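FYI, side chains are in, hydrogens and waters are out, and symmetry mates aren't considered; it's all heavy atoms of this structure. Just so it is clear, the structure is predicted and the values come from calculations on it, not from any experiment. Residue numbering restarts at 1 for every chain, and letters A, B, ... go by the order of the sequence lines.
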Number of protein chains: 2
Amino acid sequence: MNADEGRSREAVEAARSSGTLHGELLAALRDFIVEGHLEDGVRIPERALCERFSISRTPLREALKVLAAEGLIELLPNRGARVRELSAADLRELFDVMGGLESLAGRLACERITDAEIAEIERVHHEMYHFYLRRDVHGYFRCNQAIHQMIVAAAGNTLLASTYAGLAGRIRRVRYAANLAKDRDRLSEAMREHEAILDALRRRAGSELSDILFLHLRNKLKAAQPAA
Amino acid sequence: MNADEGRSREAVEAARSSGTLHGELLAALRDFIVEGHLEDGVRIPERALCERFSISRTPLREALKVLAAEGLIELLPNRGARVRELSAADLRELFDVMGGLESLAGRLACERITDAEIAEIERVHHEMYHFYLRRDVHGYFRCNQAIHQMIVAAAGNTLLASTYAGLAGRIRRVRYAANLAKDRDRLSEAMREHEAILDALRRRAGSELSDILFLHLRNKLKAAQPAA
DNA sequence: CTTCTAAAGAATGAATGCAAAATTACGTGA
DNA sequence: TCACGTAATTTTGCATTCATTCTTTAGAAG
């Protein structure tokens with residue numbers, strides 16, 4: 001019997017989240033790492049993680065292999081796992097690819113986004129503007145993230161969404177918010193860019209939005225990494 | 001992943017070369033699947049693969065988990081692994097994301113590509129044109145693949161390259177070449193698009209090339225899937 | 001003959017055990 | 001005191017084993 005598409009997808013999701021010990025452990029470990037509970041570059045003994053999560057080494061090692069494949073950790077032969085450090089070059093590559101994905105998201109979103117979805121993004125945009133005026137950096141960034149997330153969601157491409165989420169997880173470990181917050185000029189520049197994003201989105205100007213979003217990410221990187 | 005999905009290159013390369021069973025097995029299995037030696041959707045008994053590769057289940061299962069994370073296979077809880085079937089929707093998503101990545105690759109390539117690299121691409125382009133005139137579909141597609149690969153390489157972003165390679169592997173299983181080959185109009189249209197790609201590349205017109213490449217992939221999908 | 005049930009068989013998920021490699025600890029010599 | 005070589009401990013990689021779940025099949029009832 002041929003498994004139909006919807007059913008296999010559900011099954012995969014089920015496997016990933018619940019049911020198997022491996023799946024839950026994988027999600028838990030991922031959060032654990034993304035939230036920065038492990039130092040960069042230091043060795044992570046398997047035994048310690050086993051005790052931490054009350055589990056045997058077999059499922060743990062499976063999860064580590066997957067996390068290595070996702071790029072969150074490094075697995076050196078016979079030398080165990082360590083949280084992957086991001087060099088300046090790595091960060092640049094990450095931002096560029098994220099930019100490419102957001103660029104794609106904008107293009108796709110223009111093809112299918114509804115007026116209601118645009119209105120919702122505009123709502124968050126105005127909220128963000130409010131935070132901007134009040135210098136509430138934390139609130140500002142939350143709205144910022146939300147807007148980009150909404151554009152990706154509006155693209156209606158699950159592969160894009162999951163790929164984007166994976167890279168976003170890697171970046172989340174980097175504390176670049178502080179750098180961005182200090183640069184007031186960058187903040188207002190970003191606001192203007194977001195205005196342009198919304199404008200292009202309203203006009204469903206996919207190609208144009210694509211450009212804007214890529215450059216937006218480029219500028220974000222520049223602000224985060226003045227050294228580069 | 002990074003070699004593939006953004007996984008750490010050093011670790012993966014080390015694992016692959018330094019004779020860790022898991023690394024070699026992973027690569028072998030990936031090739032084995034990508035080259036289509038396993039039927040879509042049918043159950044893959046672990047025992048059979050163990051015997052096929054003369055190893056125990058532990059490293060095999062680790063490799064399967066990674067392949068599942070890469071999206072090549074499905075792992076259903078307590079029901080084993082099967083090669084993932086691509087629905088029409090999946091294929092559309094794949095092509096769009098590949099289009100986004102190639103679009104990004106073109107943009108980045110325009111920033112850093114050398115005249116020598118462009119000349120090399122032109123060389124393959126003319127070779128491809130030759131195959132096109134002689135109706136040598138096989139040679140045509142090889143050149144086609146090579147050109148896209150060269151653009152991605154010229155982007156100089158290892159994360160982009162590995163992500164792209166991962167998705168390309170998933171698509172490689174789909175035999176769309178036959179469909180494309182039948183449509184002679186599509187072939188000449190593709191040739192014209194490739195001319196435009198080269199032209200934009202010569203002018204280092206990143207934004208323009210970005211558009212062309214995305215649409216090029218869109219048209220490729222349309223040709224491969226007239227039903228959609 | 002079909003269909004439902006249940007038990008036997010097979011496959012997967014996880015834990016443990018063992019060998020090889022690496023890291024650490026220790027002792028010797030300068 | 002420091003450098004170096006060697007042995008002990010730790011850690012990783014893989015195989016094996018046990019437990020649980022799924023699949024298949026034999027059998028009985030309708």
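Taking both residues in full, the closest heavy atoms of A:L217 and A:F95 are given as O-CD2, 3.7 Å, listed atom of the first, atom of the second, then distance.
For the pair B:E24 CD and D:dG13 C1', the computed distance is 13 Å after rounding to whole Å. In this entry the distance linking CD of B:E46 with P of D:dT21 reads 17 Å, nearest Å. Following rounding to the nearest Å, B:R43 (CZ) and D:dT24 (C1') show an atom-to-atom distance of 12 Å. A straight line from CG of B:L49 to P of D:dC14 spans 16 Å, rounded to a whole angstrom. In this structure, CG of B:L25 is placed 13 Å from C1' of D:dG13, rounded to the nearest angstrom.
Dashed line: the shortest gap from a side-chain N or O of A:R47 to OP1 or OP2 of D:dT10 is not under 4.0 Å.
Comparing D:dC14, C:dA14, D:dA15 by their nearest atom to the side chain of A:L21 picks out C:dA14.
Judged by distance alone, with hydrogens and angles left aside, the side-chain atoms of B:N144 form no donor-acceptor pair with the main-chain N or O of B:F141 at under 3.5 Å. Side-chain atoms of B:E93 come within 3.5 Å of backbone atoms of A:T158 as a donor-acceptor pair (strictly under, hydrogens ignored).
Over its full length, the helix from C:dC1-D:dG30 to C:dA30-D:dT1 turns its helical axis through 10°, comparing axes from the five pairs at each end and rounding to 10°.
Ring geometry for A:H194 against A:H148 counts as perpendicular: the plane angle is over 60°, on a 0 to 90° scale with 30° as the lower cut. Ring-plane geometry between A:F32 and A:F53 is classed as perpendicular, the angle between the planes exceeding 60 degrees on a 0 to 90 degree scale with a lower cut at 30.
For B:E111, the CD atom sits in a packed shell: over 12 heavy atoms of surrounding residues, nucleotides or ligands are nearer than 6.0 Å.
When the options B:R218, B:K220, B:R186 are evaluated for a salt bridge (Lys or Arg N to Asp or Glu O under 4.0 Å) with B:E193, the one that passes is B:R186.
A heavy atom closer than 4.0 Å to some atom of DNA chain C occurs in A:S56, A:R57, A:T58, A:P59, these being the qualifying members of residues 56-65 of chain A.
Inspection of the B:Q149 and B:Y164 side chains reveals no N or O donor paired with an N or O acceptor under 3.5 Å.
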